Number of protein chains: 2
Amino acid sequence: MSSPQTQFLDYLTKNKMAATEQRRIVLEVFLGTQGHHSCEELYEHVSKRDSSISPATVYRTIKLLSDSGIAESLDFGDGITRFECRHNREHHDHLVCIRCNCRIEVVEERIEELQEKLASKYDFSVNRHKMILYGICPDCRKQ
Amino acid sequence: MSSPQTQFLDYLTKNKMAATEQRRIVLEVFLGTQGHHSCEELYEHVSKRDSSISPATVYRTIKLLSDSGIAESLDFGDGITRFECRHNREHHDHLVCIRCNCRIEVVEERIEELQEKLASKYDFSVNRHKMILYGICPDCRKQ
DNA sequence: GTTATTGCAAAGGCTTTGCATGGGG
DNA sequence: CCCCATGCAAAGCCTTTGCAATAAC
């Protein structure tokens with residue numbers, strides 16, 4: 001697979017969009033973060049690199065990253081949209097601790113298979129899915 | 001299981017809350033609707049019954065219905081919180097059509113079991129979960 | 001009577017958008 | 001050079017909240 005940078009440039013070119021300095025910086029900062037980050041958090045990081053970049057540009061660019069397949073949007077149900085990097089990462093789901101808000105990434109092939117079966121039973125072609133298990137993490141249970 | 005009305009009254013009493021006319025009406029209207037409805041939609045229905053009830057009261061009451069276990073909140077990722085009735089209904093997940101926005105309710109015991117296993121593998125005690133499969137429904141695929 | 005609840009309107013939080021200016025192709 | 005992208009500030013959208021008036025217990 002090509003680098004995220006190349007992937008993004010291809011996407012921009014294909015859609016007749018400009019490869020601006022701001023877009024490059026947002027991409028770099030996004031790639032440099034681990035885990036799941038909101039636009040606000042990303043904007044803070046971007047600001048450190050170039051304080052002249054506006055929140056609006058970060059919002060606009062992260063949407064492009066999502067559309068181009070580099071970022072995936074996550075919705076943990078708290079009203080904040082977060083993004084994680086899809087590059088070189090296989091699909092995974094999340095365990096979310098409702099006490100400390102920590103998140104564990106999990107993969108379960110058999111669930112994915114059952115989801116496919118379930119969908120085909122209803123003649124439904126699945127595009128993507130999200131599965132989130134809410135509960136208490138080991139650390140919080142000890143307390 | 002007791003009726004939703006009784007369940008709600010019990011919840012109100014237990015929490016030293018008043019059984020007001022507005023709360024009764026919101027509950028009745030909620031029980032009279034099928035499927036998944038936003039607060040705004042619920043408010044419209046409530047208005048037909050009593051136009052003096054404010055949106056704020058509907059928002060406040062639906063939260064009580066959720067807390068008391070009568071309603072369950074759903075988040076399909078479009079920024080709107082919807083609610084469905086939990087009374088006399090077993091747990092189910094949803095297939096959401098990204099084209100016509102229709103929603104199919106599904107039950108798959110084996111997935112539930114695997115979710116439990118998955119969680120215990122990480123020493124995580126699951127409270128609730130949500131699983132949504134996004135795709136194209138049979139009707140939309142025919143077009 | 002006392003306390004909780006309501007309606008109203010305003011504010012909140014996150015996100016999007018209109019517009020004039022500036023930078024990329 | 002033309003047009004897209006940006007920054008700014010304002011608006012949008014759903015939802016929550018402060019407050020004085022009102023109704024429940």
Side-chain angles (χ1 to χ4, degrees), chain A residues 5 8-30 36-68 71 73-83 101, chain B residues 5 8-30 36-68 71 73-83 101:
Chain A
Q5 288 84 351
F8 193 38
L9 282 181
D10 286 351
Y11 173 83
L12 293 177
T13 308
K14 199 178 296 175
N15 292 278
K16 300 189 207 310
M17 292 172 162
T20 64
E21 186 65 13
Q22 289 92 333
R23 285 177 179 166
R24 266 187 286 265
I25 290 175
V26 172
L27 173 59
E28 288 307 324
V29 170
F30 175 70
H36 324 107
H37 294 280
S38 65
C39 283
E40 245 175 326
E41 289 169 339
L42 191 61
Y43 167 66
E44 283 174 33
H45 288 120
V46 166
S47 280
K48 287 176 194 158
R49 184 101 149 242
D50 181 342
S51 63
S52 72
I53 295 178
S54 72
T57 295
V58 174
Y59 275 95
R60 287 188 274 232
T61 306
I62 192 78
K63 184 163 285 180
L64 297 181
L65 293 180
S66 181
D67 291 345
S68 63
S73 75
L74 302 171
D75 176 5
F76 293 136
D78 60 356
I80 298 172
T81 304
R82 274 167 261 260
F83 294 87
N101 221 29
Chain B
Q5 286 85 351
F8 192 38
L9 281 179
D10 287 350
Y11 173 83
L12 292 177
T13 308
K14 198 177 298 174
N15 292 278
K16 300 189 207 311
M17 292 171 161
T20 63
E21 185 65 14
Q22 289 91 334
R23 286 176 180 166
R24 265 188 288 266
I25 290 175
V26 171
L27 172 60
E28 288 307 323
V29 170
F30 174 71
H36 323 107
H37 294 280
S38 65
C39 283
E40 243 176 328
E41 289 168 339
L42 191 61
Y43 167 66
E44 283 175 34
H45 288 118
V46 167
S47 281
K48 287 176 192 158
R49 185 102 148 240
D50 181 343
S51 62
S52 71
I53 295 178
S54 71
T57 295
V58 174
Y59 275 95
R60 287 188 274 231
T61 306
I62 192 78
K63 184 164 287 181
L64 297 180
L65 293 180
S66 180
D67 290 345
S68 63
S73 74
L74 302 171
D75 176 5
F76 294 135
D78 61 355
I80 298 171
T81 304
R82 273 168 261 259
F83 295 87
N101 221 30

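Letters go in sequence order (proteins before strands), and every chain restarts at 1. What you see is a predicted model, and the numbers here were worked out from it, not measured in a lab.
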Exercise for the section: Using heavy atoms and a sub-4.0 Å distance, could you list which residues of residues 9-26 of chain B are near DNA chain C? By number, please. Expected result: B:M17, B:A18, B:T20, B:Q22, B:R23
Handout entry: Closest heavy-atom pair and its distance - A:S73, A:T81
Key = CB-CG2, 4.0 Å
Practice task
Kindly give the heavy-atom pair with the smallest separation between A:A19 and A:L9, and that separation in Å.
Solution key: CB-CD2, 3.7 Å
Could I get a table of every N or O pair under 3.5 Å where one atom is in the protein and the other is in nucleotides 18-22 of chain D?
none

Exercise for the section: Using chain A heavy atoms and a threshold of under 4.0 Å, write down where along DNA chain C the contacts begin and end, 5' to 3'. Expected result: C:dC14 to C:dG25
Completion exercise
Rounding to 0.5 Å, atoms OH (B:Y11) and CE (B:M17) come to a distance of 5.0 Å
Practice task
Among A:T61, A:T57, A:V58, A:D50, find the residue that satisfies the side-chain contact (heavy atoms from CB on, under 4.5 Å) test when tested with A:I25.
Solution key: A:D50
Exercise for the section: Could you grab the distance from atom CG of A:L64 to atom CZ of A:F8, nearest 0.5 Å is fine? Expected result: 5.0 Å
Handout entry: Helix axis bend for the helix from C:dG1-D:dC25 to C:dG25-D:dC1 - C1'-based end axes, five pairs, 10° rounding
Key = 30°
Practice task
Give A:S38 one of three labels, base, sugar-phosphate or nothing, depending on what nucleic acid heavy atoms sit under 4.0 Å from its own.
Solution key: nothing
Fill in the blank from the handout: So salt bridge (charged side-chain N to carboxylate O under 4.0 Å, His left out) across residues 13-25 of chain A, not counting sequence neighbours, yields A:E21-A:R24
Completion exercise
d(A:K63 NZ, A:C39 SG) to nearest 0.5 Å is 9.0 Å
Completion exercise
Which of A:L42, A:L27, A:V26 passes side-chain contact (heavy atoms from CB on, under 4.5 Å) with A:I62? It is A:L42
Problem - Nearest non-hydrogen partners of A:S54 and A:Y43, listed with the distance - result: C-CE1, 3.7 Å
Completion exercise
Here the distance between atom P of D:dC14 and atom CZ of B:F76, to the nearest Å, is 16 Å
Practice task
Take atom NZ of A:K63 and atom C1' of D:dA5, then tell me their distance rounded to the nearest Å.
Solution key: 15 Å
Problem - Separation of B:Q22 CD from B:R49 CZ (nearest 0.5 Å) - result: 13.0 Å
Problem - Donor-acceptor contact below 3.5 Å, side chain A:S68 vs main chain A:L65 - result: yes
Exercise for the section: Spell out, as yes or no, whether a donor-acceptor pair under 3.5 Å connects the side chain of A:D78 to the backbone of A:I80. Expected result: yes
Problem - Separation of D:dT15 P from B:D75 CG (nearest whole Å) - result: 10 Å
Problem - Which residue lies more 5' along DNA chain C, comparing B:T57 with A:G79 via nearest heavy atoms - result: B:T57
Completion exercise
Distance col, row A:L74:CG vs A:S66:OG, nearest 0.5 angstrom, shows 9.5 Å
Fill in the blank from the handout: Contact check, residues 39-54 of chain B vs DNA chain C, heavy-atom distance under 4.0 Å, returns B:S52, B:I53, B:S54
